[in-house]
Amino acid sequence: MKRIDIPPLSKEAWFFIGLTITSIIVLFNGVNLVPRVDNNFFFSNTDPQFKDENSISRLFKRRDSLLIINAIGPITSKNYLENVHELSESLLKLAGIAGVKSVARGPSSLEDAIKGPLWNRLLISKDQKSTNIIVFLKDPFIHAVIPSIEKLTRESSRDDFQLIMSGPPYIVELISRHLLKDLRVFSFLVLLIFGVIVLFIFRSTVILLGAVISCISASMWTLMLAHMLGIKIGLLTANLATIVFVLTLSHIIFLTYNWKYVCSTPDHSSPVEKAVHLTISPSFWSMMTTFLGFLSLLSVPAQPLKELGASGMAGALVALSVAYGVYPAFLRLVEPSTSKNNALDRYQEKMGAFLEQRKKITVTGIFILFFLALPGIWKANTDPSLISFFTKNSQLERGLTYIDHHGGSSPLILVVKTNNGEKLDTDQSYHQLWGLQHSLEQYSQVGSVVSLPVLMAEAKRSILASLLSWADLLNILQQPHFEGIARSFITDDHQEGLFLLRMNESNRKMSRLEVIDEIKKKVCAHGFVPELVGGIYSLQGHLAKLVAKSIIFGLGQLIIIFALIAWLISKSIRIAFAIVLSICVIPVIVLGTIGWLGIPLDIISAPACNIALGLGIDSMIHMVRAYRRQAHQDKDNARTWAEIRHRFWQPVLTFTLVMVLGFGIFSFSEFPSTQRFGLAVVFGAIIASLTALFVMPTAALLNYSSSSQAYSKWLGVLPNKKSSS
């Protein structure tokens with residue numbers, strides 16, 4: 001292999017290298033790169049969907065920060081009960097734990113727990129083959145204490161005493177860990193793979209150095225800017241660095257191929273400046289489409305999507321600025337001879353000829369796939385369970401599924417009051433509440449229910465308490481001596497009561513909001529009014545609705561905006577229509593295929609379609625701008641489009657290769673949502689490239705008055721190799 005010499009770098013190039021190194025130091029010392037996800041990561045406190053959560057917190061004493069440790073084993077054996085007692089006492093010694101309830105701490109005995117209305121629902125599984133250890137956490141110490149609890153459970157586990165952890169704080173902590181691991185591993189792998197691809201394609205270490213410096217700088221500066229804007233690394237922004245890296249590389253690839261094109265022309269003086277002149281306008285419009293795509297996310301009242309929208313807008317601006325402000329300093333150091341054809345170019349030309357001869361099959365296949373995928377959009381699962389966030393059949397997923405089947409895994413809070421305005425401290429309301437309790441427990445979507453009548457029934461098991469009136473007993477249980485436990489289930493004025501439901505997530509056929517509507521009907525049927533609904537189950541239901549809305553209406557708005565941009569760029573209704581038709585194909589095929597395959601479309605994987613759509617419009621904009629320039633020289637539209645496609649299929653497919661390999665890395669994540677995001681982008685990138693190269697020119701030719709002749713010529717014409725050089 002011929003040795004590649006590295007030319008001396010210019011002062012400008014050294015400046016950008018030094019600036020990048022300085023930025024790395026500042027980033028790692030001044031920006032918290034640890035993804036942080038808390039219990040309220042679905043919405044911010046100011047979002048409308050969080051209104052009920054805030055109201056419930058004001059009315060009741062909430063203890064949501066709890067873990068459930070499910071202990072599987074022979075629960076009646078002496079050894080099992082000793083293990084529960086030992087683990088309970090060890091947990092209480094850990095800093096950050098407010099309290100522990102188990103069959104060894106709370107009820108007087110295992111028999112008492114099984115017979116007790118409250119303890120049975122809290123601690124005993126439905127099959128009586130396991131018991132729960134409820135661990136209450138102190139909010140400021142949640143993230144710090146979970147590793148200690150995990151270590152303790154590992155050390156305490158035995159063959160006859162198997163421990164499974166669950167609960168919102170633990171699930172949130174695991175999601176945060178997966179995101180951090182992905183951020184570290186994928187940042188390295190993306191840099192390595194993209195670097196190898198750039199070096200292999202352009203055969204220049206200076207181009208490689210310039211691309212790496214530019215992409216790293218863009219990613220770092222975007223993270224810094226997001227930090228300055230108060231945007232933390234979270235559920236969706238954990239992938240921000242990779243997205244900005246790819247956006248920057250997109251501009252670089254098209255700029256470099258235009259530079260190679262200029263170098264191949266007879267007059268190739270100042271090739272970098274001419275390449276910048278050819279590329280800057282379509283790159284600007286490509287940036288605008290990406291910018292507007294992220295801007296559309298700001299209207300969605302879901303905190304992760306809004307954060308991704310704001311940081312993505314910043315990333316789109318930074319990517320364009322760096323690609324044209326930093327990269328040309330390195331490209332000027334490369335000799336024009338680098339652009340001469342090598343073995344790779346000749347291989348790519350053969351591939352181009354192969355695709356050229358089969359473009360009719362390609363166009364037909366894409367439209368067949370479009371119509372087959374269309375019904376699948378309505379089958380898309382935008383409301384998957386929390387369990388789907390973890391690898392199927394993994395130990396953790398099996399453990400969460402077991403807990404879900406034996407008491408429910410996702411909390412739902414229901415606040416009710418009587419429909420006639422009476423207080424809940426009377427015998428009549430007591431019987432009404434019990435009726436609602438039994439009705440909810442019989443509903444298949446509900447795992448377990450704890451409420452005011454359950455608490456009161458447990459208290460009345462005491463002989464002394466049984467002599468007190470309902471109202472007097474309530475007042476006693478609201479006192480600090482009893483930890484104000486009644487205040488967790490009834491308001492101080494005794495007007496509103498709280499039901500804490502643990503919902504089943506496995507095998508759910510309806511959406512969460514539909515399930516909640518069914519529960520509300522049961523509440524009304526028993527003479528109550530559902531005042532407030534909260535908990536993670538409800539928040540996820542609202543989030544799923546917003547994700548579906550953002551996919552359908554968000555993409556619709558983007559297509560309208562892109563249609564306007566397409567008209568501004570092309571100055572032709574005909575070409576603008578062709579672009580709109582083409583970009584509609586991409587989301588339909590991606591979403592429809594996901595729907596038919598039954599792949600969960602959660603909040604992390606949903607934005608993949610927007611990214612794929614941006615890729616398609618990006619390539620189309622570059623091709624349309626080149627078409628407008630060449631159309632002035634050749635009035636034969638079929639031949640002109642063939643020339644444009646022949647010139648651009650190489651950069652388009654090169655960028656697609658980068659996308660496939662780069663986002664394909666995500667498939668190796670241990671976090672299924674990240675896997676789905678990466679694979680959706682990969683699939684969308686392939687569809688986008690084929691659509692840009694074949695569907696868009698075909699649609700443009702079909703709009704001529706002599707469409708049949710133009711289309712027939714397009715299918716048969718080959719590019720003029722002399723003019724395309």
Check: Just wondering, are more than 12 heavy atoms of other shown residues or ligands nearer than 6.0 Å to NZ in K115?
Finding: no

Note to self: Using every non-hydrogen atom in the two residues, find where L498 and I56 come nearest and quote the distance to one decimal.
What the structure shows: CD1-CG2, 4.1 Å

Margin query: Side chains of S157 and R154 only: does a donor on one sit below 3.5 Å from an acceptor on the other?
Written below: no

Notebook entry, point to check: For the residue pair I134 and L122, what are the closest heavy atoms and their distance?
Noted result: CD1-O, 4.1 Å

Margin query: Within the 3.5 Å criterion, strictly below it, is a donor on S506 or D404 matched to an acceptor on the partner's side chain?
Written below: yes

Next item on the list: Evaluate the side-chain proximity of Y402 to K129: yes if any heavy-atom separation is below 4.5 Å, no if none is.
Entry: yes

Next item on the list: I would like to know whether R676 and S673 meet side-chain hydrogen bond (donor to acceptor under 3.5 Å, both in side chains); could you show each step before the answer?
Entry: CA-CA 5 Å; R676 295 190 286 265; S673 291; 3.2 Å; yes

Note to self: With a 3.5 Å distance limit and no angle check, can you tell me whether N120 reaches the backbone of G116 through a side-chain donor-acceptor pair?
What the structure shows: no

Next item on the list: Go through the side-chain N and O atoms of S55 and R58 and say whether any donor and acceptor fall under 3.5 Å apart.
Entry: yes

Notebook entry, point to check: Measuring from K138:NZ to L94:CG, what's the distance to the nearest 0.5 Å?
Noted result: 11.0 Å

Notebook entry, point to check: Hey, does V416 have a side-chain heavy atom less than 4.5 Å from the side chain of E496?
Noted result: no

Item checked: Presence of salt bridge, E505 and R512, under 4.0 angstrom -> yes

Note to self: Nearest 0.5 angstrom please: L87 CG to T153 OG1, how far?
What the structure shows: 7.5 Å

Notebook entry, point to check: Where the side chain of S125 meets the backbone of S130, is there a donor-acceptor pair that is under 3.5 Å apart?
Noted result: yes

Note to self: Looking at K417 and L424, would you say the former's side chain and the latter's main chain have a donor-acceptor pair under 3.5 Å?
What the structure shows: no

Check: Is atom NE2 of H438 surrounded by more than 12 heavy atoms (other residues, nucleotides or ligands) closer than 6.0 Å?
Finding: yes

Checklist line | Y170 side chain to I69 backbone, donor-acceptor under 3.5 Å | finding: no

Notebook entry, point to check: V84 and A104: which non-hydrogen atoms are nearest, and at how many Å?
Noted result: CG1-CB, 4.1 Å

Item checked: Under 3.5 Å side-chain donor-acceptor pair for S57 and N54 -> no

Note to self: Measuring from atom CD1 of I403 to atom CD1 of I72, what distance do you get when rounded to the nearest 0.5 angstrom?
What the structure shows: 8.0 Å

Checklist line | Backbone of D383 reached by a side-chain donor or acceptor of R508 within 3.5 Å | finding: yes

Check: Could you walk me through whether H85 and L81 pass the side chain to side chain contact (heavy atoms under 4.5 Å, CB included) check?
Finding: CA-CA 6 Å; H85 179 269; L81 296 174; over 6 Å; no

Check: Looking only at heavy atoms, what is the nearest atom pair of S410 and Q540, with distance?
Finding: OG-OE1, 4.3 Å

Next item on the list: Answer yes or no: is there a donor N or O on one side and an acceptor on the other, between the side chain of T418 and the main chain of E422, under 3.5 Å?
Entry: yes

Next item on the list: Measure the shortest side-chain to side-chain distance between P107 and L123 over non-hydrogen atoms and say whether it is less than 4.5 angstrom.
Entry: yes

Check: Any side-chain heavy atom of L400 sitting closer than 4.5 Å to one from S409?
Finding: no

Notebook entry, point to check: Is any side-chain heavy atom of K126 closer than 4.5 Å to a side-chain heavy atom of H405?
Noted result: no

Notebook entry, point to check: Can any side-chain N or O of R121 pair as donor or acceptor with the backbone N or O of V450 at less than 3.5 Å?
Noted result: no

Next item on the list: Supply the atom-to-atom distance K78 NZ to L110 CG, rounded to the nearest 0.5 angstrom.
Entry: 14.5 Å

Note to self: I want to check something: taking the side chain as every heavy atom from C-beta on, are T76 and Y80 in contact at a cut-off of under 4.5 Å?
What the structure shows: no

Note to self: side chain to side chain contact (heavy atoms under 4.5 Å, CB included) for V103 and I114? Distances and angles first, verdict last.
What the structure shows: CA-CA 9 Å; V103 291; I114 294 175; over 6 Å; no

Next item on the list: Check W596 against G376 and note the closest heavy-atom contact, atom names and distance.
Entry: NE1-N, 3.3 Å

Note to self: Can you confirm if the aromatic rings of F60 and F489 lie within a centre distance of less than 6.0 Å?
What the structure shows: no

Checklist line | Closest non-hydrogen atom pair, F136 against V100 | finding: CD1-N, 4.5 Å

Notebook entry, point to check: Distance from I516 atom CD1 to Y537 atom OH, nearest 0.5 Å?
Noted result: 6.5 Å

Notebook entry, point to check: Does the pair H542 and L513 meet the rule for a side chain to side chain contact (heavy atoms under 4.5 Å, CB included), with working shown?
Noted result: CA-CA 7 Å; H542 286 291; L513 294 184; 4.2 Å; yes

Notebook entry, point to check: Does any N or O in the side chain of N504 come within less than 3.5 Å of the main-chain N or O of S444, such that one atom is a donor and the other an acceptor?
Noted result: yes

Next item on the list: Carefully, step by step, assess I149 and I97 under the rule side chain to side chain contact (heavy atoms under 4.5 Å, CB included).
Entry: CA-CA 10 Å; I149 298 175; I97 291 183; 4.1 Å; yes

Notebook entry, point to check: With no hydrogens and no angle check, is any side-chain donor or acceptor of R158 less than 3.5 Å from a backbone partner on S156?
Noted result: yes

Next item on the list: Determine whether H406 and N70 make a side-chain contact, defined as any pair of heavy atoms from C-beta on separated by less than 4.5 Å.
Entry: no

Check: Do L92 and S88 touch side chain to side chain, with heavy atoms closer than 4.5 Å?
Finding: no

Next item on the list: Look at the side chain of N381 and the backbone N and O of L601, then say whether any donor-acceptor pair between them is shorter than 3.5 Å.
Entry: no

Scan the side chains in residues 517-534 for donor-acceptor partners under 3.5 Å anywhere in the protein, sequence neighbours excluded, and list what turns up.
unit_1, atom_1, unit_2, atom_2, d
H526, ND1, K522, O, 2.9
H526, NE2, G435, O, 3.3

Next item on the list: Give, for atom CD1 of I133 and atom CG of L66, the distance between the pair rounded to the nearest 0.5 Å.
Entry: 13.5 Å

Margin query: Please verify the inter-ring angle class for W434 with Y430; under 30° counts as parallel, over 60° as perpendicular, anything in between as tilted.
Written below: perpendicular

